[in-house]
Amino acid sequence: MRLLLVEDERKVASFIARALRENAYAVDIAESGEKALELGTDVPYDAILLDVRLPGLSGVEVCRELRQQGVEAPILMLTARGLVEQRVEGLDAGADDYLTKPFVLAELLARVRALVRRGLHSGNAKLRYADLELERHRRRATRGKEVIPLTSKEFALLELFLLRAPEFVTRSEIVEHVWDRHFDSETNLVEVYVNRLRQKIDQNRSAKLIHTVRGVGYRLGTPE
Ligand code: CA
């Protein structure tokens, strides 16, 4: 799951982003409405968190413009307390929900979960390949009848593999979807995480599902 957070106050943005990342989301931050339009129309986000009060283009204007450009990602507006007209304006501009500042993180996370859930096409809620299944809402993976406990990063990685299966996923796609723009691509974290996931999914099983595609990346599927 990849989110766009639009917030001009750096401290607030990094605080929210950290909480979201701890909950398995990859997060890009836009510090202005202009940047939000650029990223929002370029990247297929699973949800957009949009602060109303921005320098330059306001959050409401950004929301309206994203919708006019055909962006369908669910949008959560972050509004100031007591400003009812802001909420109405935001919803009129095409936002799906709003949250009043200041908010507690648990509430933000609950709203994001609900938003992402609504944004998922119902056919996408469960991803399946062979006897491997991932329930995206519940963040639960099973192989056969066995539940496979996954960390947040492993979940995001498996989700990407299943979305593409049986085609391959490149290393840079993994970096982009599972981590975010600030990832140091020189590290071998991708390999480390894929190997951990592989142990959980394939160890002690005759039918291996995760395969290395030399020089390209990885694929989830039956052996060739
Ligand atoms: Ca702001």
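Indexing begins at 1, ligand by ligand and atom by atom, following the structure's order. Fair warning: this is a prediction, and the values are worked out from it, not measured in the lab.
- Residue Leu78: no N/O/S atom is found under 3.0 Å from the Ca ion (ligand 1).
- Here the N, O or S atom of Asp8 that is nearest to the Ca ion (ligand 1) is OD1.
- Taking CG of Leu220 as the reference point, atom CZ of Arg198 lies at 10.5 Å (rounded to 0.5 Å).
- Residues Ser58 and Arg64 bring no donor and acceptor atom of their side chains to less than 3.5 Å of each other.
- Figure legend: cation-pi geometry between Arg139 and Tyr25, with NZ or CZ positioned under 6.0 Å from the six-membered ring centre and within 45° of its axis.
- Minimum-distance N/O/S atom of Asp51 relative to the Ca ion (ligand 1): OD2.
- When hydrophobic side chains of Ile, Leu, Val, Met, Phe, Trp and Tyr are connected at separations under 4.5 Å, Phe168 ends up clustered with Val213, Val216.
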